[in-house]
Amino acid sequence: MTSPFDTKNRAATLLDRFAARFALLMLCVGYFYLLWRSGLASLLAGSALFVLLLLSLALLERRTLSLRDRLLRERVGGMIALDELLLMPSSRACETVCSLLSLALGAKPLGHATMLYSGETWLVRCVQCLQGSNAGEGDVLAAHRARVEAGANQCALVSTGGFSPAAIRAAEWMEPPVRLIAGRQLAALAGRQHPASDEEISAHARRQRIPFSWRRIRSLALSPGKLGRYLLCAFLLLMGYLLFDSLSFLAACLLAFVLAMLCKRENRLSFRL
């Protein structure tokens, strides 16, 4: 969380931009003055060079903003596609990924999560993993058996997460090898095909934003793991009160003990049905 002192206000930003442009103008004029030793000619030529540099910087900034906007839309579009795949039934997820790969590779979809690419029939399987989790070697074996049952020549296994080292070794050991496509590759591919709109970006930002609420602070302060810490702090503060005879130690000890009792009560109530 940033404070108002971490960012500049509008007046400071305008002053910085004006100072940078004024310094650039002086440099342009000074360059031509060193060449010609003429004040009026140097001022005219320096001003022309200054305007040319400003237009070039504006064009570069516009292209940079356009590139960043496109990359943002692709990234958010890929994240939305992965979230949708997680909630789909398994068969529909395989069909969706197969359609996406067919569109990206120029392959011919054959139905039932298969496609014709480079003269070979490919079976597409999708493992729906949560973010941060990996598909294992069991998923690779299941994809290989599904390829044999479907009579396809090749198999592509797509995961919305990643792949474990054992899964990568198992895919290379298969004959023919199973082609692995991780979640980040799938997100990049889906983002290029279906960039996010302004409404989708706003909705995704609202879902990702964690609101500030007293309920969240209460759940963090009274979590089950804090009970032992509160009791330990209360014991240490009590020892400090006995050693130094300070009321501040006693007040802090009572506060820690009250928090420990509230933590125990909250955890006991949280398990009620």
Does [Y] offer a backbone N or O that forms a donor-acceptor pair with the side chain of [X] under 3.5 Å?
| X | Y | result |
| --- | --- | --- |
| Q185 | A182 | yes |
| N153 | T121 | yes |
| S159 | G161 | yes |
| S42 | V29 | no |
| S133 | C129 | no |
| R147 | Q154 | no |

Of all the heavy-atom pairs spanning [X] and [Y], show the shortest one and how long it is.
| X | Y | answer |
| --- | --- | --- |
| A166 | E137 | CB-OE1, 3.4 Å |
| A234 | F257 | CB-N, 4.1 Å |
| C253 | L238 | SG-CB, 3.8 Å |
| S164 | G136 | OG-CA, 3.7 Å |
| M115 | A107 | SD-CB, 4.0 Å |
| A167 | L180 | O-CD1, 4.1 Å |

With rounding to the nearest 0.5 angstrom, report the [atom1] to [atom2] distance, [X] to [Y].
| X | Y | atom1 | atom2 | answer |
| --- | --- | --- | --- | --- |
| H194 | E84 | NE2 | CD | 9.5 Å |
| L189 | L105 | CG | CG | 7.5 Å |
| M261 | L231 | CE | CG | 10.0 Å |
| R145 | C155 | CZ | SG | 11.5 Å |
| R21 | R17 | CZ | CZ | 4.5 Å |
| R62 | L57 | CZ | CG | 13.0 Å |

>> If you apply the rule side-chain contact (heavy atoms from CB on, under 4.5 Å), what do you find for R125 with L123, and how did you get there?
In response: CA-CA 7 Å; R125 303 288 293 179; L123 175 68; 4.1 Å; yes
> Taking it one step at a time, do T64 and E61 satisfy side-chain contact (heavy atoms from CB on, under 4.5 Å)?
Replying inline: CA-CA 5 Å; T64 303; E61 183 178 2; 5.6 Å; no
Considering only heavy atoms from C-beta outward, does the side chain of [X] approach that of [Y] to under 4.5 Å?
| X | Y | answer |
| --- | --- | --- |
| L250 | Y241 | yes |
| L259 | L227 | no |
| E199 | S197 | yes |
| C98 | S102 | yes |
| V124 | L101 | yes |
| Y31 | L27 | no |
| L186 | L100 | yes |
| L24 | F50 | yes |

Is [Y] reachable from [X] through a run of hydrophobic residues whose side-chain heavy atoms are each under 4.5 Å from the next?
| X | Y | value |
| --- | --- | --- |
| I181 | V97 | yes |
| L255 | L236 | no |
| M26 | L52 | no |

>> With a 4.0 Å cut-off on N to O distance, would you call D198 and R73 a salt bridge?
In response: yes
>> Among residues at least two apart in sequence or on other chains, which ones pass salt bridge (Lys or Arg N to Asp or Glu O under 4.0 Å) with R70?
In response: E74
> Going by the angle between their ring planes, with limits at 30° and 60°, are F32 and W36 parallel, tilted or perpendicular?
Replying inline: tilted
> Mind checking whether F249 and F244 have parallel, tilted or perpendicular rings, split at 30° and 60°?
Replying inline: parallel
> Could you go step by step and tell me if R229 and L232 meet the side-chain contact (heavy atoms from CB on, under 4.5 Å) rule?
Replying inline: CA-CA 5 Å; R229 301 178 186 178; L232 178 61; 5.7 Å; no
> Does the pair L85 and T96 meet the rule for a side-chain contact (heavy atoms from CB on, under 4.5 Å), with working shown?
Replying inline: CA-CA 8 Å; L85 281 176; T96 303; 4.2 Å; yes
